[in-house]
Structures are given as C-alpha cells and as structure tokens.
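Scroll down for the structure; my scribbles are underneath it.
Sequence lines set the chain letters: A, B, ... in the order given, protein chains first and strands last, and positions in each chain run from 1. What you see below is based on every heavy atom in this structure, not just the backbone, and it leaves out hydrogens, waters and symmetry mates.
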Amino acid sequence: MKRFDKGYLFYHLLTDLFLSVFFVLAFLDELFLVGEEGEVLGIQSEAILPCCLVMGAVYLLLCGYRALYLYRSGYALGENEILCRRGAIFSKRSHLEYRRANAINKKQNLFQRLFGIAVLTVDSGATTQAATAEITVVEKSATVDVLMREIKARQRGEAAPSCEEEKQSEEAVRFTEKEGLYAFSKTKKLLYALVNLASAAFYTLIFALLAVGGVVLGASVLSRAGVSSEVLAVTAIVAVIVLLAVALLTFLTALLQSFIGYYGFCVRKSDEEIEISYGLFVKSVNTFRLDRIKGVRITEGLIERFFGLCAIRLEVVGYGFEGSGENQDNTAGLGLLVPLCERREAEALLSRLLPEFVPDAPTVKPPRLAPFLCWGQLFLAIFSLLPTGFAVGLMAIFGASSRATLFVFLLGLLVYVVIAAFFAVSRILCFKNGGLAVKGGRMTVYGGGFQKSTVVLNKRSFVALERRATPLQQRAGIFSAVLHFYTNAATNEVKALHLSEKDVSLLEDELTV
Amino acid sequence: MKYNALPKKVLYLWLLRGALGAIPTLAAFLTAVFLCEGAARLAVALFGGAALLISLFFMLGLPALRFFRYRYAYDEKRISVLRGVIFRQSILIPLYQIQDLHKTEGPLMMLLGLAGVNLSTAGSAFSLATLEREAADRMISELESLAAVRFEENRNEAL
C-alpha cells in the first residue's frame with residue numbers, strides 16, 4: 001500500500017502551529033500585567049515559560065498524531081477495487097469497487113496548494129452522511145490528477161489514458177469564464193451578491209418591523225403617557241443599525257463567495273461524466289457520473305424571481321451538502337451546476353448539459369380550493385396562541401398587573417397575525433407555483449412557496465410514492481404526493497402539493513406498474 | 001388489491017407502550033402538584049392537568065384511532081400502506097425497488113407473539129406492518145419471492 005504524500009505532514013505542521021497559537025490565546029490574561037482600569041502594564045515574565053510549554057505540548061501532540069496518521073494511512077489501486085487505510089489510533093480500511101464509485105472529487109485549499117498536495121475523495125453513495133467519502137487520499141496534486149484519470153479509466157474497464165488522450169476524448173461542451181456559453185461573469189457575480197443582499201434585507205426588514213411593532217406596542221400599553229418619542233427613536237435607530245449590519249455582512253459574504261469561492265467556475269461534460277471545478281483559495285474539482293445523476297433542481301428565491309434569475313443544482317448519489325470528519329471542508333458547492341443564470345436560459349443550458357433533465361411544462365395544476373383546505377392554520381393558531389394563553393393564565397394566577405398581561409396577550413396576538421399572514425402568502429404562492437408533468441422517462445415537479453423550485457426527476461430513481469391528505473382535503477378530493485427518490489442527500493423526497501385524486505391515481509399507475 | 005387490517009394484538013401492544021409512557025408522566029404530574037403550594041399548585045394543577053390530558057390522548061387515544069385506520073396490502077407489483085388519523089398517508093412502493101426486508105421483535109412484541117415487517121428501498125426505509133410472528137414470516141417470504149419475480153421481469157423489460 002502506498003503511503004500518503006509527505007506534504008500532508010508539512011501542511012498540518014503549519015496549520016497546527018496556528019491552532020496551537022490560538023489555543024495559547026486563551027491564556028492571554030495570565031500573560032499580561034493589567035492595571036486597575038484595564039490598561040496593559042507589561043508582560044509577566046514568569047508566565048511566558050508556562051505559555052510556551054502549553055503551546056509546545058499542544059503542538060507536539062498534534063505533530064505526533066499527524067505523523068502517526070501519515071505512517072498508518074495509505075492507498076492502493078487494485079485490479080477491481082480501490083483500497084484505502086486511514087486513521088492514527090482507530091484505523092479504518094475501505095475497499096471500493098471501481099464500478100461502484102459515483103463521485104470522484106479533488107479538493108485543494110490555499111495551504112495545501114502551498115505544499116503541492118490535494119485531497120482526492122471517492123464515494124459510492126452508500127453513506128447517508130454523504131460527504132464522508134469512503135476513500136480519501138492525500139497526494140501530490142499532479143498524482144491526484146493521474147489517479148482520477150486512472151480510476152475513471154478502470155471504471156470503463158480500460159487502461160489509464162495519457163493526458164492528451166483524455167483531452168481528445170472529452171466532448172466539447174465546456175463552459176469557462178472566457179469561453180462563455182455559460183459564463184459566471186463578473187457582472188453575474190456582482191448580481192449574485194446583490195440578490196443575496198436584497199433577500200437578506202427583505203427578511204431582516206420584516207423582522208425589524210416586527211420588533212419595532214412589539215416595542216411600540218409595549219411602550220403604549222405599559223406607559224400611561226402613551227409612546228414616548230425617545231423609545232420610538234431608539235428602537236428605530238437600533239432596527240436600522242441591525243438591518244444595515246446584516247445587509248452588509250450578507251453582501252460581503254456573497255461577494256466573497258461569488259468572486260473567491262466560485263472563482264474560475266467551470267462545467268465540463270464528457271460522454272460519461274460531468275466535471276464542475278471552482279475556487280481560488282479552496283480549489284475543488286467535482287466529478288459526477290452521468291448515470292448517477294438522479295435529477296436536477298432549479299431554484300428561484302423571492303428576489304431572484306423579480307429579476308428572472310435562478311440557480312441549478314444536481315440531485316446526485318454520492319455526496320450531499322454537509323461535510324464531516326476528515327472531509328469537513330466546505331462542501332456547499334457540491335452539485336451546484338449553475339450558481340446564477342436567467343430563468344429563460346436555464347432550459348437552453350440544460351439541453352446542452354443534461355438533455356434528459358430539461359423540465360416539461362406542467363400538464364397538471366392544483367385544484368382551485370387547494371390552498372385554503374388545510375389544517376395548517378388551525379395548528380398554527382394552536383401552537384402560536386397556546387404559549388400566549390399559558391403565559392396570560394400564569395400571569396393571572398400570580399397576580400401580574402393587568403397592563404402587563406394585556407401587553408403579553410397583544411404581543412402573542414401580533415406574533416400570530418404575522419406568522420399566519422406569512423403562512424397564508426406561502427400557501428397561495430405554493431398553489432400558484434405548483435404543477436406536475438410526467439413525460440417519457442421523467443417527471444417534472446413544480447412547487448415551493450417563497451422559494452420556487454422545479455425538480456426534474458428520472459423515473460428510474462423513484463422508489464416510493466406517498467399520498468398525503470387531511471380528512472378535510474380527502475373529502476374535497478385534494479392530495480399531496482410525496483415522491484421518494486434515490487440520492488444520499490439529507491432529504492430524498494420531493495413534494496407535489498395539491499393534486500386531484502385522479503391525478504394522484506394516474507401518477508401511482510405511471511410510477512408503480 | 002385487498003387491504004388487510006392489523007391483528008388485535010397490535011392494538012394491545014400500542015396501548016401497552018402508551019401506558020408505559022403514561023406512568024412516568026402521571027407520576028411527574030402528581031409529584032409536581034404535591035411539592036408545590038398555593039398559587040403555584042393551582043397553576044401546576046391547571047396547566048399540568050391540561051398537558052397531562054393531551055399527553056394521555058396521544059399515548060392511549062391516538063394509538064387506538066391509528067389502529068382502526070391502518071391497512072396494508074400487496075400484490076405482485078406493489079405494496080401499499082394506508083395510515084394516519086389527522087394526516088392520512090397512503091404509501092405505494094414498487095416491489096422491484098425493495099433492497100432488503102427486515103423482521104423486528106422487541107421485548108413487548110415477543111411477549112405478545114408479534115413481529116414487525118420493515119423494508120428498505122434505495123432511498124428510504126418503511127415500516128409495513130406489525131403482525132403475528134408466523135404471518136410476518138409468511139409475508140416476508142411472499143414478498144421476497146414476488147420481488148425476485150418482479151425484478152427479473154423488470155430486467156427483461158429493460159433489456
């Protein structure tokens with residue numbers, strides 16, 4: 001078995017040094033001489049040695065662990081399978097047959113690039129914690145590229161091709177920032193950040209208004225003299241500051257994500273797989289076999305819809321969206337096919353990339369009364385008003401002032417009204433967005449309230465159909481169909497809300513016979 | 001497809017489970033009422049009593065209602081389960097999607113001679129029914145052979 005590259009050790013020697021320094025920062029109070037008013041007077045010389053000792057001990061411990069991990073870990077490409085052994089104290093040995101490998105990914109962060117190493121992960125999709133790949137190999141970046149090619153070739157039952165052969169065999173559907181069939185251009189990146197900013201600002205504004213309403217209500221109920229202008233002014237200022245802070249933070253995060261996280265975003269397609277690569281500091285190359293792609297999800301948030309924009313994701317076996325363990329790097333971009341594009345160009349893009357997943361126009365729409373026939377409002381009322389009733393009852397028993405009791409009651413009512421309004425709007429949007437189309441080997445499910453989603457599923461990946469209804473809906477002949485399908489993401493179901501009995505029966509026949 | 005009801009022993013099992021859950025809840029409520037005094041005792045008695053009644057409904061009343069609504073059926077192509085009281089569900093699973101079948105028996109189930117039949121598909125796991133032990137064995141072996149036939153048919157269709 002070949003050991004991981006030594007760069008693994010050097011990379012961790014550097015990152016662990018930072019970790020040890022951070023650990024020592026916890027003892028800073030002990031290190032500095034602080035005056036009565038909090039001013040720093042100097043460094044306590046007798047505290048330097050213990051601090052260094054702690055840092056050294058932590059660092060040595062981590063170094064020992066990394067060295068042991070490197071010594072005890074390794075990999076081998078066998079005739080039919082990949083072997084991998086990992087772990088310093090608890091060793092894990094994995095065997096993965098080439099034909100079972102679903103996703104082959106390469107990841108490289110800034111420090112790893114400094115040492116010329118990369119992490120190769122190969123997953124069969126057997127784990128429910130999707131990002132915990134079965135095979136993880138740390139090798140030189142160039143070696144990882146060779147390994148990726150070799151694994152892919154062995155999957156096809158061939159010998160590993162040379163770089164030139166690999167390039168020639170790739171179909172010429174290639175999207176880069178320069179070549180531009182789909183370009184995640186600077187303008188789009190800025191737009192992506194602005195859309196995120198607008199979404200965050202919209203929701204923060206609603207919560208800020210609600211908070212201001214609560215404060216005003218409290219001030220008017222509790223103060224005999226009515227609302228004092230001072231309270232109002234302070235509340236408004238705090239709300240504006242929070243709003244601006246959240247908006248700025250979101251904008252900066254989205255800007256960094258789009259310009260750095262999705263730097264050089266590139267989607268390539270060959271006869272058998274799709275390769276998505278992106279990232280400046282953390283460079284990722286994610287490879288998905290076409291036959292393991294189970295569906296495509298087009299999402300449009302409330303603000304995106306105003307501008308006619310959307311994002312496209314892959315529903316794929318082998319990797320979900322959250323990492324853990326050895327692969328706890330950010331995996332949020334996994335499966336993201338197009339971060340932002342115009343809704344009208346989504347179909348054209350899909351027809352080039354994955355023609356079998358182009359959405360069909362809905363042939364079935366929800367029945368008319370559907371959004372209003374639900375128990376959601378009743379449960380919402382119970383769960384929102386029950387705590388209010390409970391609090392008011394307790395206040396009455398313990399003899400709280402009538403003004404305070406009235407305030408709590410009105411506040412509870414306000415919260416209920418806001419939630420109910422939100423819920424009602426969401427239901428109406430669900431009704432408006434809902435729809436279904438079954439055509440050939442695929443299903444297109446339209447749905448979602450504030451966030452509209454269009455899911456195109458391969459009928460072969462469907463595993464069960466669930467029909468849901470409350471007694472009221474059942475009497476009115478309205479049902480929701482839950483389609484269970486095969487991926488190892490956290491949720492492997494798609495809901496088609498509000499269908500008539502006839503449509504659900506047709507769907508049942510279509511999918512299970 | 002002809003739908004079957006669950007055997008009556010399942011109702012006893014669910015009620016027994018509910019009762020086992022109700023005992024600590026009742027004990028906690030009585031202890032709280034006993035320990036509190038004055039207005040606090042009144043508050044605990046009123047609100048705790050209301051919460052206790054709701055819990056008892058969920059532990060003892062709801063299983064009974066659930067039992068009378070539960071139906072299952074299977075034929076050579078699919079399995080169907082009808083369940084739920086407030087939110088009613090009808091689950092349909094094509095036989096060729098079955099990955100594996102499981103028989104489960106807990107201590108209470110063993111006491112009543114019952115066994116649960118569960119199945120896993122590639123995407124989800126489903127609990128089909130709790131039956132008498134022999135009936136569960138029979139159901140598993142029938143489903144096994146039906147699934148094998150269906151799988152073969154499906155493969156031929158694909159070819």
Side-chain angles (χ1 to χ4, degrees), chain A residues 125-126 128 294 315 317 374-376 378-379 382 386-387 389-400 441 457 459-475 479-489 491-494 501 504-505 507-513, chain B residues 1 36-51 54 65 68-69 71 73-100 118-128 146-147 150-151 153-155 157-158:
Chain A
T128 48
K294 303 299 175 187
E315 292 286 352
V317 175
C374 77
W375 288 42
L378 181 67
F379 281 102
I382 291 171
L386 209 64
F390 184 69
V392 168
L394 275 183
M395 287 171 89
I397 288 172
F398 287 101
L457 286 173
K459 260 167 72 175
R460 275 173 300 150
S461 56
F462 154 83
V463 289
L465 178 70
E466 208 176 313
R467 175 201 286 229
R468 285 182 194 167
T470 61
L472 193 67
Q473 288 173 326
Q474 210 170 5
R475 270 200 293 278
F479 296 87
S480 298
V482 182
L483 306 153
H484 293 255
F485 64 102
Y486 175 32
T487 70
N488 62 352
T491 54
N492 52 5
E493 55 179 50
V494 174
E501 188 163 17
V504 181
S505 302
L507 198 62
E508 284 173 352
D509 290 339
E510 183 81 29
L511 293 172
T512 57
V513 177
Chain B
M1 268 196 293
C36 296
E37 281 178 359
R41 178 176 282 178
L42 181 65
V44 169
L46 274 177
F47 294 110
I54 294 169
L65 292 173
F68 290 112
R69 290 239 3 120
R71 295 284 181 275
Y74 56 92
D75 61 14
E76 65 279 5
K77 283 185 176 167
R78 52 195 180 180
I79 303 165
S80 177
V81 177
L82 305 178
R83 67 180 184 201
V85 180
I86 300 166
F87 296 103
R88 294 178 180 175
Q89 291 163 287
S90 152
I91 302 163
L92 213 59
I93 305 157
L95 280 182
Y96 62 84
Q97 291 289 7
I98 294 177
Q99 294 276 46
D100 37 52
N118 303 322
L119 70 81
S120 322
T121 63
S124 314
F126 297 92
S127 167
L128 290 185
L146 286 172
R150 187 70 192 122
F151 188 74
E153 282 174 3
N154 217 48
R155 201 160 62 174
E157 279 167 25

Is there side-chain contact between N118(B) and F126(B), with heavy atoms separated by less than 4.5 Å? no
Report the residue from V482(A), L507(A), V504(A) that forms a side-chain contact (heavy atoms from CB on, under 4.5 Å) with R467(A). V504(A)
Is it the backbone or the side chain of A40(B) that comes under 4.5 Å from a heavy atom of chain A, or both, or neither? both
Whether D509(A) and K77(B) form a salt bridge (side-chain N of Lys/Arg under 4.0 Å from carboxylate O of Asp/Glu) is what I want to check. no
Less than 4.5 Å to any heavy atom of chain A: does that hold for the side chain of L46(B), its backbone, both, or neither? side chain
Checking R468(A) side chain against S480(A) main chain: does a donor-acceptor pair fall under 3.5 Å? no
Below 4.5 Å from any heavy atom of chain A, which atoms of V85(B) appear? Answer side chain, backbone, both or neither. backbone
Checking F390(A) against chain B: side chain, backbone, both or neither under 4.5 Å from a heavy atom? both
